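Below: one structure, written as structure tokens.
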Amino acid sequence: MSSASQSRPWDVHRLPSAEGRTFLVTGGNAGIGYFVAEQLAATGAVVVLGSRDAAKADAAMASIHSRVSGAYIRHLQLDLADLSSLKTAVDRLDLGHLDAVVYNAGVALDDRPRRETGDGHELMFGTNHLGHFALTQWLAPLLSAAPAGRVVTVGSFAARSERLDLGDLQSTREYRPKRTYGRSKLAQMCFAFELDRRLRAVGSTVLSVVAHPGGALDSLTPSRPPVHVTPPGDRLRALPAGLLVQGKDAGAWPVVRAVLDAEVQGGQLWGPKVFGLRGTPRREPVPSHMADRAVAARLWAAGAELAGTDPRLGFRLR
């Protein structure tokens with residue numbers, strides 16, 4: 001990238017070309033993930049939607065094609081709740097390298113009862129954290145083969161007020177859905193920062209970055225039928241909230257910058273500019289509880305045991 005393009009302020013509406021590059025977005029068929037995929041497709045990159053539901057992925061791809069002329073987009077059948085299926089899924093990518101993966105897919109439950117994956121893990125922790133943890137092992141060779149691979153983890157504002165209970169990662173003793181969700185996102189973010197520390201320690205070319213969408217509401221999100229439709233009345237009622245939060249299209253901006261910006265570095269946290277809730281993307285300080293190395297080391301060891309992975313996750317990590 002030229003010095004002139006590096007010095008130009010980042011413009012969410014004028015993204016740099018990414019022709020020749022390939023990006024995988026987990027959960028790219030809906031919500032934040034859909035808008036990440038749509039915006040990345042506009043750069044000329046090949047975008048792969050990782051999704052369990054082929055019909056929803058088809059709808060998302062049709063929507064992107066209708067808005068992005070000549071978009072290169074495909075679907076990968078991907079179920080993060082089924083850890084044994086992930087290697088086969090990555091083999092089906094049939095790629096020599098992968099330039100970036102966006103860990104966006106997630107389950108958010110509001111009600112009891114506590115639910116489990118087929119592997120017997122609590123559903124939110126098992127999908128949001130363990131699924132992506134295990135997926136990393138199979139993507140590692142593809143990311144390492146890229147000139148400058150990136151793992152971009154989509155965090156959440158909900159993780160700021162949570163703390164991990166390392167003795168009850170799966171919420172077996174006490175299950176509160178919103179707290180369990182916040183802790184699953186915190187686990188993802190702690191893992192992402194620890195991954196970058198380990199990658200830096202061995203001189204890897206792969207970066208691990210965290211980005212979060214701030215406050216992103218469906219009611220402030222532009223319609224993308226049939227993927228998402230915002231009734232005009234809902235949007236009108238939500239306008240006062242727009243002073244503090246935003247739609248999911250804008251929520252995707254920090255994630256897209258974390259994928260594309262040549263000046264982004266590993267171990268960074270990116271979010272919206274205004275109180276971390278809305279606006280254009282900027283770098284944020286990493287909260288101390290997300291950067292705790294002792295907690296991260298214990299979480300990493302637990303993740304490797306629960307997911308049945310190589311503790312090095314396919315990288316040449318110490």
Side-chain angles (χ1 to χ4, degrees), residues 26-27 30-33 52 79-83 102-135 152-195 210-219 241 244-246 248 251 254-255 269-272 275-278 284-307:
T26 71
I32 299 291
R52 287 176 304 168
D79 184 357
L80 291 163
D82 181 3
L83 300 181
V102 177
Y103 286 164
N104 163 79
V107 174
L109 302 178
D110 293 325
D111 303 308
R112 295 173 183 271
R114 180 181 177 278
R115 294 167 57 188
E116 293 187 346
T117 68
D119 298 318
H121 302 302
E122 188 280 318
L123 185 61
M124 289 184 278
F125 180 80
T127 304
N128 303 355
H129 175 57
L130 291 180
H132 286 117
F133 185 93
L135 181 61
V152 177
T153 296
V154 180
S156 170
F157 213 79
R160 290 181 175 273
S161 57
E162 296 295 345
R163 298 296 183 272
L164 293 175
D165 182 349
L166 291 165
D168 190 27
L169 286 171
Q170 309 235 39
S171 302
T172 52
R173 289 199 296 266
E174 185 180 5
Y175 177 69
R176 288 191 239 159
K178 287 185 178 177
R179 184 179 72 176
T180 296
Y181 171 75
R183 288 180 173 180
S184 76
K185 297 303 293 185
L186 176 56
Q188 275 191 276
M189 295 167 83
C190 288
F191 159 71
F193 292 125
E194 176 66 8
L195 175 61
V210 180
H212 73 89
L217 302 184
D218 280 333
S219 53
L244 291 175
V245 294
Q246 59 194 356
K248 293 187 174 179
V255 183
L269 173 63
W270 287 79
F275 305 119
L277 290 171
R278 67 180 301 274
E284 297 181 2
V286 178
S288 58
H289 72 292
M290 296 182 188
D292 187 317
R293 296 188 179 212
V295 168
R298 291 176 63 190
L299 176 67
W300 188 289
E305 182 177 353
L306 291 168

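Positions are given from 1, in the same order as the sequence printed here. Since the model is a prediction, treat every value here as computed from it, not as a measurement.
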CG-OG distance between L123 and S171, expressed to the nearest 0.5 angstrom:
11.5 Å

Check P177 against L109 and note the closest heavy-atom contact, atom names and distance.
CB-O, 3.3 Å

Pair T172-D168, side-chain donor/acceptor within less than 3.5 Å:
yes

Parallel, tilted or perpendicular: ring planes of W300 versus F133, cut at 30 and 60 degrees
perpendicular

Mind checking the CG-CZ spacing from L217 to R278? Nearest 0.5 Å is all I need.
11.5 Å

Taking all atoms of both residues into account, what is the closest heavy-atom pair of C190 and A296, and its distance?
O-CB, 4.3 Å

Got H129 and L299 here, is their nearest side-chain heavy-atom distance under 4.5 Å?
yes

So L269 and F193, side chain to side chain contact (heavy atoms under 4.5 Å, CB included) or not? Walk me through it.
CA-CA 9 Å; L269 173 63; F193 292 125; 4.1 Å; yes

Check whether any side-chain heavy atom of L169 lies under 4.5 Å from a side-chain heavy atom of E122, and answer yes or no.
no

Go through the side-chain N and O atoms of T26 and H132 and say whether any donor and acceptor fall under 3.5 Å apart.
yes

Is the closest side-chain heavy-atom distance between P213 and V154 below 4.5 Å?
yes

Scanning both residues in full, the closest heavy-atom pair of L83 with L130 reads CD2-O, 3.9 Å

Does R115, at its CZ atom, have more than 12 non-hydrogen atoms belonging to other residues, nucleotides or ligands within less than 6.0 Å?
no

Look up atom CG in D82 and atom OG1 in T117, then write down how far apart they are to the nearest 0.5 Å.
8.5 Å

Only one of T153, V102, V210, N104 forms a side-chain contact (heavy atoms from CB on, under 4.5 Å) with V255, so which one is it?
V102

Between A216 and K248, which heavy-atom pair has the shortest distance, and what is it?
O-CE, 3.7 Å

So CG of D165 and CD of E174: to nearest 0.5 Å the spacing works out to 9.5 Å

Evaluate the side-chain proximity of N128 to Y181: yes if any heavy-atom separation is below 4.5 Å, no if none is.
yes

Hey, is D110 close enough to K178 for a salt bridge, meaning N to O under 4.0 Å?
no

Does some side-chain heavy atom of Q170 sit less than 4.5 Å from a side-chain heavy atom of L306?
yes

Which atom pairs, donor and acceptor, lie under 3.5 Å between side-chain atoms of residues 157-164 and protein residues at least two apart or in another chain?
from : atom 1 : to   : atom 2 : distance (Å)
R160 : NH2    : E284 : OE1    : 2.5
R163 : NH1    : R160 : O      : 3.1
R163 : NH1    : H289 : NE2    : 3.3

Shortest non-hydrogen contact from A81 toward T127
CB-OG1, 3.7 Å

For the residue pair V286 and A291, what are the closest heavy atoms and their distance?
CG1-CB, 4.1 Å

Please say whether more than 12 non-hydrogen atoms of neighbouring residues, nucleotides or ligands are located less than 6.0 Å from CZ in R52.
no

Euclidean distance, R114 CZ relative to F125 CZ, rounded to 0.5 Å
11.0 Å

